[in-house]
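Read the structure below first, then the notes.
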Amino acid sequence: MGESDYCTILVGSLRKGSLNRAAARSAVRYLHNQFTIHQPDLSQIPLFNQDLEELGDPEAVTRLKDAVDESKLVLCFSPEYNYSTPGLLKNAIDWLSRPFRSGSLVGRSVGIASVTPGSRGGENAREHLLQTFGVLTEHLYRVTLGIPGVTELDDGFLPEHAEQLLRPWLDDVIKFSTQDPHIRP
Ligand SMILES: Cc1cc2nc3c(=O)[nH]c(=O)nc-3n(C[C@H](O)[C@H](O)[C@H](O)COP(=O)(O)O)c2cc1C
């Protein structure tokens with residue numbers, strides 16, 4: 001593992017004070033010696049439309065796909081909206097899933113996390129993301145991370161009690177990402 005390994009972080013919230021963006025910031029701070037990190041801007045990605053796709057991927061989509069193509073690891077930090085995945089993130093994943101069966105996520109290790117002020121740690125969103133990523137990569141890390149009860153940030157980063165949950169999970173995801181998917185049970 002070294003800075004020549006790439007990791008893409010996808011954040012499912014556009015909110016400035018987003019807890020999940022803070023989690024991404026904390027992850028970058030923790031991982032920056034191990035990975036070069038891409039954080040594609042999902043706000044510029046148009047709604048998926050096959051007509052648009054046939055004209056050629058829009059620029060923001062190309063940037064997203066290039067980032068993921070280059071990455072060994074993809075991490076998602078996302079809130080739960082109405083018991084599911086926010087449209088922002090689902091839309092980005094839909095673009096990444098193309099072309100069918102050979103999209104950018106094939107072969108990528110993927111880790112899923114959710115930070116919430118509520119008590120359930122976005123369990124429905126994490127479950128739905130597991131279902132979605134489960135058909136897009138054979139190297140999905142099935143132990144998701146839910147961090148409930150986060151109500152305040154620490155200078156834009158997660159508070160220490162939340163980072164204490166984040167760090168060991170990141171260590172486990174990285175370990176998982178170094179394993180060959182074909183030798184896993
Ligand atoms: C449209 C919408 C739907 C939401 N639905 C849920 C939900 O189903 N379950 C939940 O635990 N929190 C829900 N929340 C609360 C979010 O967990 C909370 O706003 C969180 O801070 C959003 O993530 P962010 O801080 O990364 O922006 C919802 C919030 C919004 C704006």
Side-chain angles (χ1 to χ4, degrees), residues 6-32 35 37-49 60-61 63-64 67-68 71 73-97 104-105 108-137 140-174:
Y6 286 82
C7 167
T8 293
I9 298 185
L10 305 176
V11 178
S13 171
L14 296 175
R15 201 166 71 85
K16 226 185 291 163
S18 162
L19 304 175
N20 289 280
R21 186 156 299 284
R25 245 179 249 122
S26 291
V28 171
R29 183 166 68 178
Y30 188 62
L31 298 176
H32 78 277
F35 289 93
I37 295 174
H38 291 302
Q39 296 182 79
D41 179 3
L42 304 190
S43 73
Q44 298 306 308
I45 295 179
L47 288 175
F48 182 78
N49 175 341
V61 172
R63 280 198 296 271
L64 171 70
V68 173
S71 297
L73 177 63
V74 175
L75 297 174
C76 285
F77 292 96
S78 179
E80 173 173 309
Y81 281 177
N82 300 304
Y83 278 43
S84 191
T85 314
L88 174 80
L89 180 57
K90 180 59 165 55
N91 184 54
I93 297 169
D94 289 340
W95 279 105
L96 285 170
S97 73
S104 302
L105 288 160
R108 306 285 161 252
S109 296
V110 174
I112 297 162
S114 181
V115 186
T116 61
S119 61
R120 315 268 302 260
E123 66 180 350
N124 301 295
R126 286 183 283 120
E127 191 57 37
H128 290 181
L129 285 168
L130 276 178
Q131 287 173 19
T132 299
F133 280 116
V135 296
L136 300 176
T137 175
L140 174 62
Y141 187 55
R142 294 202 162 267
V143 183
T144 62
L145 174 70
I147 307 184
V150 177
T151 50
E152 282 181 359
L153 296 179
D154 180 0
D155 209 12
F157 294 88
L158 289 180
E160 179 57 25
H161 71 88
E163 290 216 346
Q164 278 177 16
L165 298 173
L166 176 66
R167 290 191 289 256
W169 179 79
L170 288 172
D171 290 340
D172 290 344
V173 179
I174 291 166

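Counting from 1, the numbers follow the sequence of the chain as shown. Each ligand, and each atom within it, is numbered from 1 in the order the structure gives. Computation of the quantities below employed the complete heavy-atom set of this structure, encompassing side-chain atoms and omitting hydrogens, waters and symmetry-equivalent molecules. Please read all numbers here as calculations on a predicted model, not as lab measurements.
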As a quick check of understanding, evaluate side chain to side chain contact (heavy atoms under 4.5 Å, CB included) for Leu170 and Leu145, giving each step before the final call.
CA-CA 9 Å; Leu170 288 172; Leu145 174 70; over 6 Å; no
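- Protein neighbours of ligand 1 below 4.0 Å, counting non-hydrogen atoms: Ser13, Arg15, Ser18, Leu19, Asn20, Pro79, Glu80, Tyr81, Asn82, Tyr83, Pro117.
- No hydrogens or angles considered: a donor-acceptor pair under 3.5 Å links the side chains of Ser43 and Asp41.
- For the atom pair CG of Leu158 and CZ of Arg29, the computed distance is 8.5 Å after rounding to the nearest 0.5 Å.
- Within 6.0 Å of CD in Glu152 there are 12 or fewer heavy atoms belonging to other residues, nucleotides or ligands.
- A perpendicular orientation is assigned to the rings of Phe48 and Trp95, their planes being inclined by more than 60° (bins at 30° and 60°).
- At a threshold of 4.0 Å, the pair Asp94-Lys90 counts as salt-bridged, since one of the basic side-chain nitrogens sits closer than that to a carboxylate oxygen.
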